[in-house]
Number of protein chains: 2
Amino acid sequence: MVTIYDIAKQANTSAVTVSLALRNSKRVSESTRQKIHEIAREYGYRPNPLARGLVGAKTKTIAFVFNFSSNELSHDLSYMEYFHAIAQAAAERGYKIYFHSSTEAIPIEKLIEDISLHRVDGMVLGTELTDSDREILRKTDIPTVIVGRDIRGKKLTSVSTDDYDGIRQAVEHLLSLGHKRIAFVGKSSRETAIARYESYRETMSQAGIPIDDELIIETSYDMDAGEYAGRKLGELENPPTAVVAASDLLAIGIISGLKHKGLKVPDDVSVTGYDNLHISQFTVPALTTIDLLRMESGKIVIDALLGLITGKREGEKIRTEVKLIVRDSTRRITRREERREKSEERGEKRET
Amino acid sequence: MVTIYDIAKQANTSAVTVSLALRNSKRVSESTRQKIHEIAREYGYRPNPLARGLVGAKTKTIAFVFNFSSNELSHDLSYMEYFHAIAQAAAERGYKIYFHSSTEAIPIEKLIEDISLHRVDGMVLGTELTDSDREILRKTDIPTVIVGRDIRGKKLTSVSTDDYDGIRQAVEHLLSLGHKRIAFVGKSSRETAIARYESYRETMSQAGIPIDDELIIETSYDMDAGEYAGRKLGELENPPTAVVAASDLLAIGIISGLKHKGLKVPDDVSVTGYDNLHISQFTVPALTTIDLLRMESGKIVIDALLGLITGKREGEKIRTEVKLIVRDSTRRITRREERREKSEERGEKRET
DNA sequence: CTGAAAGCGCTAACAT
DNA sequence: ATGTTAGCGCTTTCAG
């Protein structure tokens, strides 16, 4: 392993000068700076991040903490794609990743302890937060970006997708296709779920449509739950003509569930998803959904974090754009659906 | 930050003794060992992994290198699920993860350099390998486990799913349902693809069925490719009655592609996938596929790696079990299909 | 069974 | 503009 001492010897100078020169300090003359850089390249010198970290310098490493809990595989796909996008953005900017995964929710305190031991320059969180976690996070001075939470602090920035706008776009799309009896699947007390549900309610009421509580389904975001919700909606005396799902996974489940009850998508019912997973363009039917622009968003996350690290930016709340993608799971309301909507008769179910 | 010196002071002993005691060396008397442990716990002492790494000791950290290339999102879902499983197994055993992701293939040489700088105890690879990569890897003395490759070395173990067996199970399942005209989608020169294709050929010929080359489709593993392959098969004068796909993503694409050509799954064509992604149980129809038993496999990977790290095991080649999961995308061949199979007439296509 | 000394590779403070 | 000294927290000789 080649160290700054080796370089120093070759350059007839001291380790300090080498260290300084390599970090392009202006305390070193241009000529020696160049010479040192050249020798370093020649020798294939690479700074030891451990040694750097030990003396408290920057390590060019950031910690990632996402909890992919097994039970709630729900969001995982979306998180995983997001994780990937952020990881890529970090790599592009020369940052290494120190990754924490865990099944259980980790107390933030433990986490910070562990992370500060590794002397990362900052961290990206994608975990659930308790109240005390928030308290601690707000005060921490480790530059932190958290995704999908509504919070900020001196060194804490949150980046969230604009879910309120997303669901509004979905509902308005359905409205524009003539649907009125629109169900919402995915109400929940989880923080990421709240804006979606509220947006649904408000957009509906702004359109002057009363909300039928039997069309609101409280559930987690995974496919199993969607399947169940789809069946439940399909069994209704008067099923919806359209469904807004709070996630793509839910939507896929819902389509399957509806089908089991003899309702076809989009023929009998239109369904919108949320996330635009890579897979959603290939489901049958391809999903009309809300794109989270993850690659963009990943860059935004990393840039915000680097801003925090360098001190060029303060903690902020960032909301990223989302975009409706129209595919095949939604269509203009049909006569039959309208009739069904009016009547109280049980819809004619066909077998698959 | 509490160090061994703090503990030493409290315990009226030296840092060395503390260091030794904390690692349960038998060079320390039982009484002092206990006292030191107690004080350490009380003070919330946590060893600094950087300092440990700097002196060349174990860091309880392993590197993960998976390349989720954007273009070949193909395998990503499968890899991501696998990644998750391994990460969890590592966490359960108290290992931290240092994560490398990159869009491009990384020259192994660079990688090892970078990784050894971080003094990880070992690494888990899930990347493509060039010949020179193999050369280097076989010689490296960093304990390494690589997934999905056929290679081993002194400190290098490979863990692969038994794909030959997997495809055999899929083909035999189709055979048992009366299918004979079975297509294979996903032939490719990629290492993970070879066994699957060969297994298909051999299982078919063992069943005495000649292979029709127009039923073999050479392609990558992603959904787009599947969609295309499905259309191509659907356009054939004499389409297959069943399709073996080399990945679930392919299968999902194929089902969609076939549908566009008026062929329904499983009514007109049976399709098997490969991977058993979480999502595959919820597609319509739910996929008959090969389960990779990833959680098991993740543990096998980590245990093999720990074996290498502790020197208790040598490099080996491990093949993990896979298991057929029968769902709704396959069914017994129908009269109509049989007729179609015999005739040369173009199949009657219906609209969706 | 325990301790003193040395050093891993680097950087920050304090000289020169 | 450059060099010297010291120390980050830990472990590994080597001596008692």
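On a predicted model such as this, the values are computed, not experimentally measured, just so you know. Numbers restart at 1 for each chain; the letters A, B, ... are given by sequence-line order, proteins then strands.
- Contact annotation: side chain of A:Tyr5 to base of C:dC10, donor-acceptor pair present below 3.5 Å.
- Taking the nucleotide of DNA chain C with the nearest heavy atom to each of B:Thr13 and A:Met1, the more 5' of the two is matched to B:Thr13.
- Between A:Arg52 and C:dT11, a side-chain N or O to OP1/OP2 separation shorter than 4.0 Å is present.
- Between A:Arg27 and D:dT2, a side-chain N or O to OP1/OP2 separation shorter than 4.0 Å is absent.
- Side-chain contact between A:Asp121 and A:Ile142: absent, with no pair of heavy atoms (C-beta onward) separated by less than 4.5 Å.
- Salt bridge present: B:Arg134 and B:Glu191 bring a charged side-chain N and a carboxylate O closer than 4.0 Å.
- Listed pair B:Thr3 / D:dC8 fails the phosphate criterion, with no side-chain N or O lying under 4.0 Å from OP1 or OP2.
- Phosphate contact (OP1/OP2 of C:dT11, side-chain N/O of A:Ser19, threshold under 4.0 Å): present.
- The distance from atom CG of A:Leu20 to atom P of C:dA13 is 12 Å, rounded to the nearest whole Å.
- Between B:Leu129 and B:Thr127, some side-chain heavy-atom pair lies under the 4.5 Å cut-off.
- A close approach under 4.0 Å does occur between a side-chain nitrogen or oxygen of B:Arg23 and OP1 or OP2 of D:dT12.
- The nearest heavy atom of DNA chain D to A:Gly56 and to A:Thr32 marks one nucleotide each, and the one closer to the 5' end goes with A:Thr32.
- As judged by a 4.0 angstrom heavy-atom cut-off over every strand, A:Val28 is placed among residues touching the sugar-phosphate backbone only.
- Contact between the side-chain N/O atoms of B:Ser14 and the OP1/OP2 oxygens of C:dG3 is found at a separation under 4.0 Å.
- OP1 or OP2 of C:dG3 sits under 4.0 Å from a side-chain N or O of B:Thr17.
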>> Working note: A:Tyr95 + A:Phe64, criterion ring pair (Phe, Tyr, Trp, His ring centres under 6.0 Å); need CA distance, chi angles, decisive distance, verdict.
In response: CA-CA 12 Å; A:Tyr95 277 75; A:Phe64 265 48; over 10 Å; no
